J.: 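Dropping the structure in here first, questions after.
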There are 2 protein chains.
Amino acid sequence: MTEPPITLLIVDDHPVVRHGLHGIFASAAGFEVLGEAADGVTAVALAARLDPDVVLMDLRMPGGGGVEAIRDLSRRNPRCKVLVLTTYDTDSDTIPAIEAGATGYLLKDAPRDELFTAVRAAAAGRTVLSPAIAARLVSRVRSPATTTLTAREREILRLVAKGTPNREVAAILFISEATVKSHLTHIYAKLNVNDRAAAVATAYDRGILG
Amino acid sequence: MTEPPITLLIVDDHPVVRHGLHGIFASAAGFEVLGEAADGVTAVALAARLDPDVVLMDLRMPGGGGVEAIRDLSRRNPRCKVLVLTTYDTDSDTIPAIEAGATGYLLKDAPRDELFTAVRAAAAGRTVLSPAIAARLVSRVRSPATTTLTAREREILRLVAKGTPNREVAAILFISEATVKSHLTHIYAKLNVNDRAAAVATAYDRGILG
DNA sequence: GCCCCCATCATCCGATCGGATGATGGGGGC
DNA sequence: GCCCCCATCATCCGATCGGATGATGGGGGC
């Protein structure tokens, strides 16, 4: 009995990568490449039209970042699974991509068989993660800090890290001291700390500062 | 008119490196290699006996670190110049070596001519620095922070970075809160900051924490 | 239209901090 | 023997912080 092939959309801004992936999957049994896109916006449009089972997506692309595209895709097309293929597993977009709805996260230099397995798993709705990403997710869950400081919060934390007292932070940002304190309270809650020194340390540890 | 040759002592724990340097200087006019040593202690003893003009010294050696040997050498034998030859210019011992009395600091992969020039300069009492080291020294001078926090100060700063209030730091270390504050005051002075948040940030920036 | 998040602001108050000042004992270098 | 640095401690006090509580307007998602 022959299963229907898993249909694919390949999204990457590098023609060489697109061609390479296309070739790998076209020459393997059980897969059908429906199309390619070079940026997130095109990908969303193409996915709506072609309705692929799995979208293989690069994260770093000019004109339409991958994370936004993933969010759009999984909202408009919930049946379609997004498998992120990236060069580095230390990418700061890792967690946001998964939060945006990516089903899996693989390194581009994975062997062919691993790619096939991952795509089949993704098509079946299963989650596929590289070990490094898995580990990071675990630690993320363990310290359930929302981590995502807003731009304003980061701005304030950066000033605090310079030793700026609240009153001066307020003056610099043209807001009241009460607002500064309010932001700091939110920062402490998100980073799960109790004072500015620990907030700065945690921010450095997580790459928010420095 | 023939100048008397510049006499050398070569100190490195790798026989291959010693042999290589020995060969380079023995085959060049104007230099005479008086001896070799494989560690700092032997180097100090040999230098006292042979009285070389210049000691070429590796920093990283088992049994008698280079920095201590430099300190001993320049104390006992002030006429003798120490030229540090190292593999990496990012070595954390760079600054200590110079503080200990090294006249110059060169990378091992410097071309032969540069070695000759450097040794002649060192023999004449001039300072020779690779550009990277020079830059680091400049930045060191610009921010005259003594940077060298004591072990106790680092211990306290580490606790502060975790958000520990002074009173708890005191309890953890079995000292009074007054002492904690005293240490913190010293830390602030050394790092040139005014509060714990900035101290933590600066410590991260300089690699003292994190 | 409702809800949530973000940025903004206000007031109150106990807790904590940081600066100033001064002091002691021990260890290492000159 | 003297000097300097380090670690230790004490007291005083104004400045700053952080927690609690409550409120408003605007933007985006459902």
Side-chain angles (χ1 to χ4, degrees), chain A residues 67-68 70-76 78 96 99-101 145-200 202, chain B residues 67-68 70-72 74-76 78 99-101 145-200 202:
Chain A
V67 173
E68 275 174 53
I70 294 170
R71 207 185 320 272
D72 282 356
L73 269 173
S74 44
R75 197 154 44 218
R76 298 199 199 177
E99 284 170 349
T146 315
T147 306
T148 22
L149 297 187
T150 66
R152 197 55 155 174
E153 286 163 353
R154 269 179 271 122
E155 203 172 4
I156 284 170
L157 191 52
R158 231 173 278 128
L159 288 168
V160 165
K162 286 189 194 164
T164 321
N166 293 349
R167 203 190 326 142
E168 282 180 37
V169 171
I172 291 171
L173 299 180
F174 299 107
I175 57 181
S176 81
E177 200 180 333
T179 304
V180 174
K181 287 186 171 191
S182 171
H183 284 301
L184 278 173
T185 301
H186 295 150
I187 292 171
Y188 299 163
K190 285 184 178 180
L191 299 182
N192 195 29
V193 298
N194 298 304
D195 70 18
R196 50 220 290 123
V200 168
T202 305
Chain B
V67 173
E68 275 175 53
I70 294 170
R71 207 187 319 273
D72 282 356
S74 45
R75 196 151 46 215
R76 298 200 200 179
E99 282 171 351
T146 316
T147 305
T148 23
L149 297 187
T150 67
R152 197 55 156 173
E153 286 163 356
R154 268 178 272 123
E155 203 172 2
I156 284 170
L157 191 52
R158 231 173 278 127
L159 288 168
V160 165
K162 286 188 195 163
T164 321
N166 292 348
R167 203 191 326 144
E168 281 181 38
V169 172
I172 291 171
L173 300 180
F174 298 107
I175 57 181
S176 82
E177 198 180 334
T179 303
V180 173
K181 286 185 171 191
S182 171
H183 284 301
L184 278 173
T185 301
H186 295 151
I187 291 170
Y188 298 163
K190 286 185 178 180
L191 300 182
N192 196 30
V193 299
N194 297 305
D195 70 19
R196 49 220 290 123
V200 168
T202 305

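Below, chain A is the first sequence line, B the second, and so on; all start at residue 1. The structure displayed is predicted, hence computed values, not measured ones.
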J.: Give the residues of residues 157-182 of chain B touching DNA chain D, defined as any heavy atom closer than 4.0 Å, sorted by residue number.
T.: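 Under 4.0 Å from DNA chain D: B:I175, B:S176, B:A178, B:T179, B:S182.
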J.: Report the distance from atom OG1 of A:T202 to atom CD1 of A:I187, rounding to the nearest 0.5 Å.
T.: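 So the gap between those two atoms works out to 11.5 Å.
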J.: In whole angstrom, what separates B:L149's CG from D:dC6's P?
T.: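 The answer, rounded to whole Å, is 10 Å.
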J.: If I take atom NE2 in residue B:H186 and atom P in nucleotide C:dG18, what distance separates them, rounded to the nearest angstrom?
T.: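 After rounding, the gap between these two atoms is 14 Å.
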J.: Protein within reach of the bases, or only the backbone? For nucleotides 24-30 of chain D, mark each nucleotide 5' to 3' as B, S or -, using heavy atoms under 4.0 Å.
T.: ------S
J.: Rounded to the nearest 0.5 Å, what's the gap from NZ on A:K181 to CZ on A:R167? Could you check?
T.: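 Between atom NZ of A:K181 and atom CZ of A:R167 there are 10.5 Å.
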J.: When you compare the side chain of A:L191 with that of A:L157, does any pair of heavy atoms fall below 4.5 Å?
T.: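 A:L157 vs A:L191: side chains touch.
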J.: Between C1' on D:dC17 and OH on A:Y188, what's the gap in Å once rounded to a whole number?
T.: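 Result: 7 Å.
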J.: Which heavy atom of B:T164 sits nearest a heavy atom of B:E168, and at what distance?
T.: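 Looking at all heavy atoms of both residues, the shortest contact is CG2-CB, 3.5 Å.
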J.: Would you check if B:L159 and B:V180 make a side-chain contact, meaning some heavy-atom pair closer than 4.5 Å?
T.: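 The answer is no, as the side chains (C-beta and beyond) never meet within the 4.5 Å cut-off.
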J.: Between A:R196 and A:N166, is there a side-chain heavy-atom distance shorter than 4.5 Å?
T.: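 A side-chain contact exists here, since the closest heavy-atom pair is under 4.5 Å.
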J.: For B:R152 and D:dT8, give me the distance from atom CZ to atom P, rounded to whole Å.
T.: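 In whole Å, D:dT8 P lies 4 Å from B:R152 CZ.
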J.: NE2 of A:H183 versus P of C:dC5: gap in Å, rounded?
T.: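 Roughly 16 Å, once rounded to whole Å.
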J.: Out of D:dC6, D:dG19, C:dC6, which has the shortest distance to the side chain of A:K190?
T.: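 Looking only at heavy atoms from C-beta outward on A:K190, the closest nucleotide is C:dC6.
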J.: Should A:R152 and A:T179 count as side-chain neighbours, where that means a heavy-atom distance under 4.5 Å?
T.: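 Answer no - side chains too far apart.
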J.: Kindly give the heavy-atom pair with the smallest separation between A:K190 and A:T150, and that separation in Å.
T.: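 Smallest interatomic distance, heavy atoms only, reads NZ-CG2, 3.8 Å.
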J.: Between C:dA7 atom P and A:I156 atom CD1, what is the distance in whole Å?
T.: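 Spelled out: CD1 on A:I156 to P on C:dA7 is 8 Å.
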J.: For DNA chain C, what is the dot-bracket line, given that a base pair needs Watson-Crick (N1 to N3, plus N6-O4 or O6-N4) or G-U wobble (N1-O2 and O6-N3) geometry with both distances under 3.5 Å, and | means paired with another strand?
T.: ||||||||||||||||||||||||||||||
J.: Quick one: is A:T150 getting a side-chain N or O under 4.0 Å of the C:dA7 phosphate, OP1 or OP2?
T.: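 Checking A:T150 against C:dA7: at least one side-chain N or O falls below 4.0 Å of OP1 or OP2.
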J.: Where do A:V200 and B:A197 come nearest, in terms of heavy atoms and distance?
T.: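 So the two residues come closest at CG1-O, 3.8 Å.
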J.: With rounding to the nearest 0.5 angstrom, report the CG to CD distance, A:L184 to A:E177.
T.: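 Between A:L184 CG and A:E177 CD, I get 10.0 Å after rounding to 0.5 Å.
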J.: With rounding to the nearest 0.5 angstrom, report the CG to OH distance, A:N194 to A:Y188.
T.: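 Taking CG in A:N194 and OH in A:Y188, the distance rounds to 9.0 Å.
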J.: Please give, in whole Å, the distance from D:dC17 C1' to A:L184 CG?
T.: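 My rounded result for the distance is 9 Å.
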